[in-house]
Amino acid sequence: MELYKQQDIKIYNTLSGEKELFKPLIDGYVGMYVCGPTVYSNVHLGNVRTFMSFDMIFRYLKHLGYKVRYVRNITDAGHLEDDADVGEDKITKKARLESIEPMEIVQRYTVDFHNVLQTLNFLPPSIEPTATGHIIEQIELIQTIIDNGFAYVVNGSVYFDVLKYNESHEYGILSKRKLDDLIHNTRTLDGQSDKKNPQDFALWKKAEPSHIMRWPSPWSNGFPGWHLECTAMSTKYLGEQFDIHGGGMDLKFPHHECEIAQNQAAKNQAPVKYWMHANMLELNGSRMSKSTGNYINPAELFSGENDIMSKGFSPGVIRFFMMQAAYRSVLDLTNDGLLAAEKGFNRLIDAINLIDHLKASSSSSIDVSAWRQKCYDAMNDDFNTPILIANLFEGVKYINQIKDGKATITSEDLELLQKTMTTFAFDILGLENISKTENNSDKLSGAVELLIKMRQEARANRDFALSDRIRDELAQAGIQLNDSREGTTFSIN
RNA sequence: GACAAGGUGGCUGAAUGGUUAAGGCAGCAGAUUGCAAAUCUGUUUUAUAUGAGUUCGAAUCUCAUUCUUGUCUCCA
């Protein structure tokens with residue numbers, strides 16, 4: 001029997017503001033759409049956190065036996081630079097600055113994006129569609145919305161009529177905004193806007209002569225509005241209605257609100273059953289921003305080549321750090337936090353690697369099945385990874401107790417313990433089991449082993465001056481010796 | 001300015017009315033060691049922004065104050 005028939009998941013739905021029991025539209029199948037990156041610069045670390053949350057959710061749903069189609073788009077058409085009609089495509093702007101083709105920019109940063117995610121051990125989504133590959137679908141969608149009377153054409157551009165829409169539907173249903181408040185609070189921007197009302201948003205924009213990225217349409221040579229691609233692609237690959245739509249908190253309004261409106265206007269139904277929003281990543285307590293210098297990109301974080309952190313942190317540590325916080329909470333990236341995560345991560349991995357060496361007994365002094373269900377309970381409660389990790393550390397304690405002979409376990413329970421630890425740590429949290437010494441070259445190992453042997457001999461002869469010199473100078477070179485009853489091993493910092 | 005989310009110990013981060021507020025890190029003690037480090041075990045402090053209120057009972061609900069973050073314009 002599939003696991004999902006035994007484990008009931010509750011998901012916090014932004015639409016209702018409550019945790020709801022998760023029931024897919026089609027039993028056993030899950031359609032999930034997540035708004036992907038705009039590939040006009042290196043991927044933002046906060047962006048990475050959002051995708052990591054949904055990677056974890058994807059992994060857990062798959063683990064439960066659901067057949068999941070996970071769609072995460074690549075926005076390569078760029079978006080309007082500002083609200084005025086002189087809007088310039090972000091990608092076009094960058095391309096002109098660097099004097100290369102827009103698609104060259106797209107290619108470069110798509111590759112960067114994929115590299116970063118792969119380094120962090122992400123699973124690829126089922127489909128990764130691009131906006132530029134779905135211009136025809138977007139044009140068709142616009143035409144439907146016009147035909148249904150929710151959009152109007154002005155000077156070759158098409159705008160969504162929010163006021164008209166609000167007469168028959170509720171604009172603001174997701175973000176809990178009232179249209180009246182929006183009207184009241186919208187700043188009136190200078191410039192000759194073609195919009196009937198400031199709340200209206202573009203479905204199609206006529207391209208200015210300087211705009212390189214452009215496509216023919218019934219209305220003008222131009223480009224699609226930025227909310228449209230997600231509606232077009234989610235509909236194409238997941239249907240007019242699907243289970244989960246995710247993204248960052250900052251996309252709730254207006255982006256996701258507009259997606260709902262577009263879908264309602266085109267198909268007269270709500271597109272998504274469960275709206276999920278991941279919270280923001282801060283750096284030292286405040287917003288990450290390139291302009292203020294409070295910014296770090298993934299590569300700098302890995303390498304340690306930055307002015308913010310004291311050292312580099314491995315992708316596994318970054319992943320563990322992020323999974324220690326709930327996806328709906330703000331997470332503060334700090335040096336202290338990462339150092340703490342690094343130690344905790346190593347302790348967890350060390351314990352998991354110890355399981356193979358444990359000896360089974362005729363009875364168990366711990367209830368492994370009950371503990372295992374606690375791990376599922378944590379994940380079932382809106383993917384509460386911090387509680388899951390707390391439970392995994394309970395497992396760490398069991399492992400060490402068994403090793404010290406302070407607890408016993410049967411061979412069946414031992415197998416269950418190992419399976420549960422590795423499944424949750426590696427398959428679901430997506431942590432990687434990288435043994436400390438594994439990636440050292442044989443030559444280096446040979447040299448260090450020789451020094452370890454010499455030190456042992458010195459200690460046997462009580463020549464502590466020599467033995468301590470070997471230990472200390474190796475430490476200075478970044479190689480730490482770890483003594484234990486079983487012998488001496490080394491790790492490289 | 002308007003709207004939204006939040007403020008939990010030295011750091012981090014769970015827990016939405018009910019006995020001792022999870023876990024990680026740091027600190028302290030012990031095991032181990034020639035001594036350390038590493039590792040393991042145990043463990044501490046008036047920790048729920050501030051002030052009032054509702055309740056038998058509040059981190060959790062209400063109001064006020066204050067601070068942080070987000071959105072309102074492209075943004076994960």
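Chain identifiers are assigned alphabetically (A, B, ...) following the order of the sequence lines, protein sequences preceding nucleic acid strands; residue numbering begins at 1 within each chain.
Take A/Thr231 and apply the side chain to side chain donor-acceptor pair (under 3.5 Å) test, not counting sequence neighbours, and it matches A/Gln262. Listed by chain and residue number, A/Ser361, A/Ser363, A/Ser365 satisfy the side-chain contact (heavy atoms from CB on, under 4.5 Å) test with A/Thr408 (two or more places apart in sequence, or in another chain). Checked against side chain to side chain donor-acceptor pair (under 3.5 Å), A/Arg469 has the following partners two or more places apart in sequence or in another chain: A/Glu473. Residues forming a side-chain contact (heavy atoms from CB on, under 4.5 Å) with A/Ser157 (at least two apart in sequence, or on another chain): A/Tyr159, A/Lys205, A/Lys206. The side-chain contact (heavy atoms from CB on, under 4.5 Å) search around A/Ser314 returns A/Val317, not counting sequence neighbours. Residues satisfying the side-chain contact (heavy atoms from CB on, under 4.5 Å) criterion with A/Thr334, sequence neighbours excluded, are A/Asn284, A/Asp332, A/Asp336.
Comparing A/Pro254 and A/Met280 by the nucleotide of RNA chain B that holds the closest heavy atom to each, the one mapping nearer the 5' end is A/Pro254.
Atom name P, nucleotides B/U44 and B/G23: the rounded distance is 11 Å, in whole Å. Nucleotides B/G53 and B/U45 are separated by 30 Å at their C1' atoms, to the nearest Å. Remark: the separation of the C1' atoms in B/U68 and B/G57 is 31 Å, to the nearest Å. When the P atom is used for both B/G18 and B/C11, the distance is 27 Å, rounded to whole Å. Nucleotides B/G6 and B/G13 place their C1' atoms 14 Å apart, quoted to the nearest Å. Spacing between B/A22 and B/G9 at atom C1', rounded to whole Å, works out to 13 Å. Rounded to the nearest Å, the gap between the P atom of B/A37 and that of B/A31 is 14 Å. For B/U69 and B/A49, the C1' atoms lie 15 Å apart once the distance is rounded to whole Å.
Ring centroids of A/Phe113 and A/Phe51 are separated by less than 6.0 Å, placing the two rings close together.
Atom pair A/Leu281:CG and B/U68:P shows a separation of 19 Å (rounding to whole Å applied). The separation between A/Ile479 atom CD1 and B/A38 atom P is 17 Å, rounded to whole Å. Distance, A/Asn284 CG to B/C11 C1': 12 Å, rounded to whole Å. As rounded to whole Å, 13 Å separates atom P of B/U41 from atom OH of A/Tyr398. Counting to the nearest Å, the C1' atom of B/C74 and the CZ atom of A/Phe201 are 15 Å from each other.
For the pair A/Arg72 and A/Phe54, the cation-pi test (distance below 6.0 Å, angle within 45°) is failed. Cation-pi geometry between A/Lys397 and A/Phe393 is not satisfied (NZ or CZ under 6.0 Å from the ring centre, within 45° of the ring normal).
Among pairs with a residue in residues 48-57 of chain A, those fulfilling salt bridge (Lys or Arg N to Asp or Glu O under 4.0 Å) read A/Asp55-A/Arg59, A/Asp55-A/Arg319, at least two apart in sequence or across chains.
Residue-level contact check: A/Asp483 touches the bases, meaning some heavy atom is under 4.0 Å from a base atom. Among the protein residues, A/Phe464 comes within range of the nucleic acid bases, having at least one heavy atom under 4.0 Å from a base atom.
In RNA chain B, runs of at least 3 stacked Watson-Crick or G-U pairs (N1-N3 plus N6-O4 or O6-N4, or N1-O2 plus O6-N3, all under 3.5 Å) give these stems: B:1-7 with B:66-72, B:10-12 with B:23-25, B:27-31 with B:39-43, B:49-53 with B:61-65.
Close to B/G70, at under 4.0 Å from its OP1 or OP2, lies a side-chain N or O of A/Arg287.
No hydrogens or angles were tested; on distance alone, a donor-acceptor pair under 3.5 Å links the side chain of A/Asp468 to the base of B/G34.
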### Message
Strictly under 4.0 angstrom, non-hydrogen atoms only: write out the protein contact profile of nucleotides 12-29 of chain B, one letter per nucleotide from the 5' end, B, S or -.
### Response
-SSS------BBBSS---
